[in-house]
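Below is one structure, written out as structure tokens; the observations come after it.
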Amino acid sequence: MPDKVNEKRIIYGFQGIRGMAIILIFLSHCKIAVNQRGGNFFGYAGAWGVSCFIMLSGFLAVQQFFDCEINRKRVISILKKKIKKCYPMHIITLCVALPLSVAFVWNNFSMKDVIKIIINATLTQTLIPSQSVYFSFNAVSWYLSLDIILVLFLPLVIHILKNMNERQVTISIVAVAVLQAILFLMVKETSIMHWFVYIFPLTRWLDYFVGGGIALLVMSDKCLETMKNKWMVYLAILICVISIICSNYYSSGLFLTAIWTIPTAVLLFGVYRLEGSNNFFRKGMLVYVGNMSFEVFLTHTLIIRYTTEIFSRIGMKNSYLENLVAVLISIGVAVVCYKVKKRRKV
């Protein structure tokens, strides 16, 4: 097998999926819509968005490095690029998040707070089964920790996929959804359920594997050539929309991962096969939002929290104006950060 790194190219349909995912994640953190249980209507839609991000990461990594020898040197090189991309903005947002800590404002920092800062700064928070740790400071930074750790699973994912054919990959994707449901049932009555099912790298690598499996399928000319890909995309979206609606009536950890695995896999497959044709995910606005999804992701919860704090102090907490201001500031900050990043690349 030649040691060949495949050329990394922009897949505009995937950028559209990123755009949709970050919009859903943003909505899941706002107080825009409340369901009959008093929670956010889009609460579990954010979990779908996270599944999209993880599977896209697995897809692109496997597609780029499938023909390579994935040795220690290669993994270290990929890790360095990941860290170089995310770490500067992670540290900036961590510093911005510090004043939101009550302990920090009251000058009452304990050793536990210092340890939390070290864990967060080193992006190792996904290894700690405590919500006060993995959601500490800039809460969404847990995903950066996950994204970096998942690179360590790339050699295993590629090794497994190289020994599988298209049929076995398809069956394994279904098996992953079943396994995720079983893992949830095993821990659903425990205090670590959310961490184990949604945060822990050893369980989230299953989504990473599914993304890699889809990459293998689309690289095969034999796979599903006669299927109507547009209908696959529409069906996948319909299933996810129905699942979001159902999640507002039936709260379950299944909506953290297992429910989304198969429809998201179908969505990625269909959108990739439609690349080059006119489809919903290649629309300009979705692609533009997808291009700056990293910036939106890392800044939006901080802006929402600061906006909430300010509006609560002036007696306008949970107002529509609060949400509107948070959205507008988030868009503005993300656009500025994205433009700065583009200039640095030039």
Side-chain angles (χ1 to χ4, degrees), residues 14-34 39-54 56-57 85-101 120-121 123 125-126 131-132 134-148 194 198-199 244 256 260 285-313 316-342:
F14 282 0
Q15 292 303 95
I17 290 178
R18 281 196 177 95
M20 177 193 68
I22 194 58
I23 289 171
L24 291 174
I25 290 170
F26 191 107
L27 291 175
S28 74
H29 293 142
C30 286
K31 303 180 184 70
I32 294 175
V34 177
N40 190 324
F41 181 87
F42 295 97
Y44 283 112
W48 177 24
V50 170
S51 291
C52 288
F53 279 141
I54 296 173
L56 282 170
S57 184
K85 174 188 174 183
C86 73
Y87 208 78
M89 196 160 179
H90 165 56
I91 294 300
I92 292 171
T93 53
L94 172 58
C95 293
V96 172
L98 283 175
L100 288 166
S101 167
N120 194 286
L123 291 175
Q125 61 266 52
T126 52
Q131 192 168 114
S132 66
Y134 60 74
F135 280 168
S136 60
F137 305 107
N138 186 19
V140 295
S141 63
W142 74 268
Y143 180 80
L144 299 182
S145 170
L146 177 67
D147 195 37
I148 289 171
H194 183 269
Y198 188 62
I199 304 290
I244 290 171
L256 292 173
W260 314 116
M285 184 55 69
L286 265 185
V287 172
Y288 183 72
V289 174
N291 287 340
M292 59 181 188
S293 58
F294 176 75
E295 289 73 25
V296 176
F297 185 79
L298 269 190
T299 60
H300 77 281
T301 54
L302 293 176
I303 292 168
I304 290 172
R305 289 171 65 192
Y306 269 107
T307 305
T308 299
E309 180 67 25
I310 292 169
F311 272 76
S312 65
R313 288 176 182 269
M316 297 179 64
K317 189 176 180 180
N318 295 333
S319 66
Y320 286 106
L321 181 60
E322 174 192 328
N323 288 310
L324 178 61
V325 170
V327 169
L328 293 177
I329 295 176
S330 295
I331 292 171
V333 170
V335 169
V336 171
C337 293
Y338 177 62
K339 287 185 177 180
V340 170
K341 182 178 74 173
K342 285 186 70 175

For this session: List for me each residue that meets ring pair (Phe, Tyr, Trp, His ring centres under 6.0 Å) alongside Tyr87, sequence neighbours excluded, and say none if there are none.
Result: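 Tyr87: ring pair (Phe, Tyr, Trp, His ring centres under 6.0 Å) contacts with His90.
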Exercise. Phe294: what forms a ring pair (Phe, Tyr, Trp, His ring centres under 6.0 Å) with it, not counting sequence neighbours?
Worked result: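 For Phe294 there are no ring pair (Phe, Tyr, Trp, His ring centres under 6.0 Å) partners, ignoring immediate neighbours.
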Report yes if the side chains of [X] and [Y] come closer than 4.5 Å at any heavy-atom pair, otherwise no.
| X | Y | value |
| --- | --- | --- |
| Glu295 | Val333 | no |
| Tyr198 | Leu146 | no |
| Val289 | Phe26 | no |

What pair of heavy atoms forms the shortest contact from [X] to [Y], and how long is it?
| X | Y | answer |
| --- | --- | --- |
| Pro99 | Cys95 | CD-O, 3.3 Å |
| Leu24 | Trp48 | CD1-CE3, 3.5 Å |
| Ile303 | Ala326 | CG2-O, 3.7 Å |
| Cys52 | Met20 | SG-CE, 4.5 Å |
| Ser57 | Asp147 | OG-OD1, 3.2 Å |
| Asn120 | Ser136 | ND2-O, 3.0 Å |

Calculate, to the nearest 0.5 Å, the distance between atoms [atom1] and [atom2] belonging to [X] and [Y] respectively.
| X | Y | atom1 | atom2 | answer |
| --- | --- | --- | --- | --- |
| Cys30 | Ile25 | SG | CD1 | 12.0 Å |
| Tyr306 | Thr299 | OH | OG1 | 13.0 Å |
| Ile17 | Leu56 | CD1 | CG | 5.5 Å |
| Thr307 | Glu309 | OG1 | CD | 10.5 Å |

Exercise. Going by the angle between their ring planes, with limits at 30° and 60°, are Tyr143 and Phe297 parallel, tilted or perpendicular?
Worked result: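 The rings of Tyr143 and Phe297 stand perpendicular, inter-plane angle above 60°.
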Exercise. When you look at Cys86 and Ile148, which way does the side chain to side chain contact (heavy atoms under 4.5 Å, CB included) test go after all the steps?
Worked result: CA-CA 9 Å; Cys86 73; Ile148 289 171; 3.8 Å; yes
Problem set entry | Main-chain N/O of Ser141 paired to Ser145 side chain as donor or acceptor, under 3.5 Å |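 No, the answer is negative, given that no donor and acceptor are paired below the 3.5 Å cut-off.
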Exercise. His300 and Val140: side chain to side chain contact (heavy atoms under 4.5 Å, CB included), yes or no, with the steps?
Worked result: CA-CA 9 Å; His300 77 281; Val140 295; 4.0 Å; yes
Problem set entry | Qualifying residues under side-chain contact (heavy atoms from CB on, under 4.5 Å), relative to Ala97, sequence neighbours excluded |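 Applying side-chain contact (heavy atoms from CB on, under 4.5 Å) to Ala97 gives Phe137, Asn138, Leu302.
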Exercise. Between Leu144 and Leu298, does a side chain to side chain contact (heavy atoms under 4.5 Å, CB included) hold up when you go through it step by step?
Worked result: CA-CA 9 Å; Leu144 299 182; Leu298 269 190; 3.7 Å; yes
Problem set entry | side chain to side chain contact (heavy atoms under 4.5 Å, CB included) between Phe135 and Thr301, intermediate numbers included | CA-CA 11 Å; Phe135 280 168; Thr301 54; over 6 Å; no
